[in-house]
Amino acid sequence: MTDLLKNPIFQDETKARDWLEACVWAGVRVCPHCGNADQKKITQLHGEAHRAGLYQCNEPECREQFTVTVGTVFERSKIPLTKWLAALFLMTASKKGISAHQMHRMLGISYKSAWFLMHRLREAMRTGGLEPMGGEGKVIEADEAYFGKADTLHVSPQRKGRAYTKRGKFKNNRPIVSLVERGGSVRSFHVAVADQVAVTKIVRDNVARESRLHTDESKLYYRVVSHVAAHESVNHSGREYVRGDVTTNTVESYFSLFKRGMRGTYQHCSEKHLHRYLAEFDFRYNNRIALGVADTERAENLAKGIVGKRLTYRRPHSKEIPF
Ligand SMILES: [Zn+2]
């Protein structure tokens, strides 16, 4: 890590910008205002009068100016790009995450800035509108976990919406549902209530019909069978964890990584931010070394994710930021 941070992109603002432009644009600059990607209609503005890295879009209808950070989670930030990139590399390289306190100390920025910057990077880690997971001959493991305390109790009368555990006890915890493709990627969802309706919708929207689905004996999955090629389960209450190739061990090890990371690094996490922490752990899992993704490539993948996610997110009040 110390060697990694010797990279000049963490000291030199121009080099940081060049690195970011290479990741985001890959040689093809795009005007974020109108989508113009005709390089002949884009000119770089030089000289004292202009900010570094400023471009002019010459599309007659547009004529706007932009930099690589316009329309991204970095937009309108006063934090230098060198620090953004250091934060980006640190977050992608630490397996269990890194606390805002540590980020504040390592980068020499205020705790509040560190906290805010990290949430923006988590937003960049978020993926959406993806292709279905799995496919013919592929196995998807599904399971639910409960983490922390819910800020409010979600009770929907239509759905008799209380979060029950597998043993039927009421639990005031925040339910998470995760799908993991064996040998592949994960998608996690923070749901208001883990019930059949929610779980069935998640499977239907995210899993290719040709896949086999493996779960435990939970009643939550009774209705998924019409959405997959096969639904097989192991009976955990009967101490059955593996039967043939049927198991939920992969999704459970994902949950244990998530919980260890959350308890060790992020002791405080309010419910409204839980989906962002899930995005962070999902991102690292989906860009892990076992899938052939090295540290530098993981950071580049995150840099690509900053686009189109400009937060409509106001700066939080101090009292909202946990210490
Ligand atoms: Zn334009």
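Just so you know, ligand 1 is whichever comes first in the structure, and atom 1 is the first atom listed for that ligand. Only heavy atoms go into these numbers, but all of them, side chains included; no hydrogens, no water, no symmetry mates. Computed from a predicted model, the values in this text were never measured in an experiment.
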Show me the side-chain donor-acceptor pairs of residues 284-294 shorter than 3.5 Å, one per line, residues at least two apart or across chains.
residue	atom	partner	partner atom	Å
Arg284	NE	Ser94	O	3.2
Arg284	NE	Lys95	O	3.3
Arg284	NH1	Met91	O	2.8
Arg284	NH1	Ser94	O	3.3
Arg284	NH1	Glu280	OE2	2.8
Arg284	NH2	Glu280	OE2	3.0
Asn286	OD1	Val186	N	2.7
Asn286	ND2	Val186	O	3.0
Asn286	ND2	Asp282	O	3.3
Asn287	OD1	Asn301	ND2	2.8
Asn287	ND2	Phe283	O	2.9
Arg288	NH1	Gly184	O	3.0
Arg288	NH1	Tyr285	O	2.8
Arg288	NH2	Gly184	O	3.2

Next item on the list: Report the C-alpha distance between Leu213 and Val224 in whole Å, list the side-chain angles of each, state the deciding distance to 0.1 Å, and finish with yes or no for side-chain contact (heavy atoms from CB on, under 4.5 Å).
Entry: CA-CA 9 Å; Leu213 188 76; Val224 299; 3.5 Å; yes
Next item on the list: Output, by chain and residue number, all protein N/O/S atoms separated from the Zn ion (ligand 1) by less than 2.8 Å.
Entry: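 Those protein N, O or S atoms (cut-off: under 2.8 Å from the Zn ion (ligand 1)) are Cys31 SG, Cys34 SG, Cys57 SG, Cys62 SG.
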Note to self: Can you tell whether the side chains of Arg126 and Glu123 come within less than 4.0 Å, N to carboxylate O?
What the structure shows: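 Yes.
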Margin query: According to side-chain hydrogen bond (donor to acceptor under 3.5 Å, both in side chains), does anything in residues 15-26 pair up with another residue at least two apart or in another chain? List the pairs.
Written below: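 Matches after skipping sequence neighbours: Glu21-Tyr55.
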Note to self: Please enumerate all residues that pass side chain to side chain donor-acceptor pair (under 3.5 Å) together with Ser77, with sequence neighbours excluded.
What the structure shows: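 Counting only residues at least two positions away or on another chain, Ser77 forms a side chain to side chain donor-acceptor pair (under 3.5 Å) with Trp84.
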Check: Roughly how far, to the nearest 0.5 Å, is the NE2 atom of His236 from the CD atom of Glu217?
Finding: 6.5 Å
